[in-house]
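Worksheet: the structure to be examined is printed underneath.
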Amino acid sequence: MDKRETLIKAMKELEEDELFSCMEDLLASDSDRWMIMEWLQKGMGEVGKLFEQGEYFIADLIVAGTLFRKAISLFPPSVTLKKRNLPLGRILIGVMEGDIHDIGKDIVCQTLETGGFEVIDLGVDVSTEIFIEAIEKYHPDIVMLCGLMSFVVERMEQTIDKLTRLSLRNSFVVIVGGGCIDRTTSQDIGADYYGGQPIENMQLCKKIMDERKHNE
Ligand code: B12
């Protein structure tokens with residue numbers, strides 16, 4: 001079995017020793033962190049499938065989440081750019097009400113901060129009202145709505161609608177992301193963009209900020 005298969009299988013089967021020995025080898029060989037992350041995520045997807053099939057229980061999801069976080073904490077710290085005088089832009093981010101999955105959101109935040117953005121993280125289970133209060137308080141350039149549970153797509157749409165009705169919608173760009181949504185649905189619910197994977201999302205944010213500065 002190659003390293004990719006070993007890592008995915010160890011994540012899927014929640015084999016801690018195997019997972020960390022494989023991580024050690026990959027890090028020692030200077031493998032790309034985004035590639036490792038993708039493999040870990042694939043393993044997480046398999047965990048999700050086993051949960052759906054009734055073979056895994058909620059306790060297994062908790063173990064999977066803990067192992068994933070521990071695995072990615074082994075990456076050497078990224079060179080942070082946030083010490084520059086001005087951040088590239090201000091981003092407000094939160095996981096929609098009813099959803100407490102935050103591993104993906106945290107990776108997105110970390111990537112953005114490393115890339116030089118100021119990130120205001122509202123955490124998980126964030127209601128429309130909390131988003132509105134925070135938007136009025138912080139005046140972000142970009143608002144990111146996140147979720148993994150399918151039902152939160154409707155909440156994303158309701159939140160975007162409410163922001164439009166309050167005439168707040170034009171002052172920032174809305175990006176949606178997380179496993180609950182895809183590009184097509186993001187357009188259906190009135191978001192400006194679908195964020196995709198963290199690096200792609202950061203590049204998108206840089207492009208948005210360039211355009212905003214250009215239009216000032
Ligand atoms: C770990 C896990 C948990 C952990 C979460 C721990 C934590 N602190 O986050 C715990 C145990 C808490 C949990 C609970 C539950 N879970 Co759960 N969970 C998972 C699991 C296995 C992995 C999720 C994960 O962290 N993946 C790794 C991260 C890195 O990947 P990611 O989230 O996709 O993020 C990446 C991208 O999507 C993107 N991204 C993420 N967010 C954003 C945001 C933006 C703006 C952008 C641009 C990009 C972006 O970047 C990330 C990095 O690449 C998934 C299975 C799966 N296929 O995802 C199920 C899954 C999400 N859970 C599920 C369910 C059903 C539940 C529970 C209802 C179970 C229960 N009966 O109680 C509860 C719900 C709790 C709630 N109300 O939210 C279902 C959801 C079904 C659905 N579609 O609605 C899934 C899909 C499992 C399944 N197949 O059935 N879960």
Side-chain angles (χ1 to χ4, degrees), residues 1-78 93-112 114 121 123-125 144-156 175-186 189 194-204:
M1 233 189 313
D2 64 16
K3 287 286 167 222
R4 178 182 181 275
E5 280 174 56
T6 310
L7 193 74
I8 296 172
K9 184 167 179 285
M11 187 68 243
K12 171 184 173 183
E13 296 179 357
L14 310 177
E15 285 288 347
E16 185 165 0
D17 292 345
E18 186 71 43
L19 182 75
F20 289 105
S21 120
C22 189
M23 280 296 293
E24 241 173 64
D25 292 348
L26 286 164
L27 293 172
S29 64
D30 241 358
S31 303
D32 178 62
R33 74 165 65 193
W34 294 106
M35 181 187 75
I36 301 176
M37 189 98 86
E38 194 191 311
W39 298 349
L40 288 168
Q41 247 180 285
K42 191 140 179 41
M44 279 296 233
E46 296 296 321
V47 170
K49 282 188 202 152
L50 289 169
F51 175 72
E52 262 177 77
Q53 290 159 8
E55 286 198 37
Y56 273 1
F57 301 98
I58 186 78
D60 299 301
L61 293 188
I62 296 172
V63 173
T66 310
L67 287 181
F68 190 100
R69 274 201 201 277
K70 208 168 146 191
I72 63 171
S73 74
L74 299 178
F75 290 135
S78 314
I93 185 167
V95 178
M96 303 308 294
E97 187 170 12
D99 196 337
I100 59 161
H101 294 89
D102 62 357
I103 299 176
K105 185 262 303 159
D106 288 350
I107 296 171
V108 169
C109 290
Q110 218 181 1
T111 312
L112 290 167
T114 304
D121 181 2
V124 297
D125 195 19
M144 285 186 191
L145 308 178
C146 318
L148 254 70
M149 303 292 297
S150 307
F151 66 80
V152 306
V153 174
E154 209 180 313
R155 298 199 174 150
M156 287 176 169
I175 299 181
V176 291
C180 72
I181 194 149
D182 56 26
R183 208 170 292 278
T184 313
T185 319
S186 71
I189 66 167
Y194 167 70
Q197 290 300 314
I199 287 286
E200 184 190 348
N201 178 56
M202 186 182 62
Q203 283 157 354
L204 171 65

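Interatomic distance, CD of E46 versus NZ of K9, reported as 12.0 Å (0.5 Å rounding). Separation of atoms OG1 (T111) and CD (Q197) is listed at 10.0 Å; rounding is to 0.5 Å. Once rounded to the nearest 0.5 Å, the distance linking OG of S186 with CG of L145 reads 11.0 Å. Note: I181 CD1 to L148 CG = 11.5 Å, rounded to the nearest 0.5 Å. If you take CG on L40 and NZ on K12, they are separated by 15.0 Å, rounding to the nearest 0.5 Å. Once rounded to the nearest 0.5 Å, the distance linking CE of M23 with CD of E16 reads 12.5 Å.
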Decide yes or no on side-chain contact (heavy atoms from CB on, under 4.5 Å) for I36 and L27, but give the supporting numbers first. CA-CA 9 Å; I36 301 176; L27 293 172; 4.2 Å; yes
How far apart are the C-alpha atoms of K105 and D121, what are their side-chain angles, what is the distance that settles it, and do they pass the side-chain contact (heavy atoms from CB on, under 4.5 Å) test? CA-CA 9 Å; K105 185 262 303 159; D121 181 2; 2.9 Å; yes
Could you give me the CA-CA distance, side-chain angles and deciding distance for R155 and D99, then say whether side-chain contact (heavy atoms from CB on, under 4.5 Å) is met? CA-CA 11 Å; R155 298 199 174 150; D99 196 337; over 6 Å; no
Take R4 and K42, measure what side-chain contact (heavy atoms from CB on, under 4.5 Å) needs, and give me the verdict at the end. CA-CA 10 Å; R4 178 182 181 275; K42 191 140 179 41; 3.5 Å; yes
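Annotation for S31 and M35: closest pair CB-CE, 3.8 Å, computed over non-hydrogen atoms. The heavy-atom pair separating I107 from P198 by the smallest distance is CG2-CG, 3.9 Å. N201 and M144 make their closest contact through ND2-CE, 3.4 Å (heavy atoms, listed as atom of the first residue, atom of the second, distance). Annotation for M37 and F68: closest pair SD-CZ, 4.3 Å, computed over non-hydrogen atoms. F51 and I58 make their closest contact through CE1-N, 3.8 Å (heavy atoms, listed as atom of the first residue, atom of the second, distance). Here the shortest heavy-atom pairing between V47 and A64 reads CG1-CB, 3.9 Å.
No more than 12 heavy-atom neighbours from other residues, nucleotides or ligands sit within 6.0 angstrom of CD on Q110. More than 12 heavy-atom neighbours from other residues, nucleotides or ligands sit within 6.0 angstrom of CG on D32. Within a 6.0 Å sphere centred on CD of E154, heavy atoms belonging to other residues, nucleotides or ligands number 12 at most.
Inter-residue side-chain proximity for V176 and V153 is flagged as unmet; no heavy-atom pair is nearer than 4.5 Å. Between F20 and K70 the shortest side-chain heavy-atom distance falls below 4.5 Å. With contacts defined as side-chain heavy-atom distances shorter than 4.5 Å, the pair T185/M156 does not qualify. Proximity of I93 to C109: side-chain heavy atoms (C-beta onward) are separated by under 4.5 Å at one or more points.
For the side-chain contact (heavy atoms from CB on, under 4.5 Å) test with L67, the passing option among L19, I72, I62 is L19; the others fail.
In this structure, R33 contributes its side chain and F75 its backbone to no donor-acceptor pair below 3.5 Å. In this structure, D25 contributes its side chain and C22 its backbone to no donor-acceptor pair below 3.5 Å. Side-chain atoms of T6 come within 3.5 Å of backbone N or O of D2 as a donor-acceptor pair. Remark: the backbone N or O of I100 is not paired with any side-chain donor or acceptor of D125 at under 3.5 angstrom.
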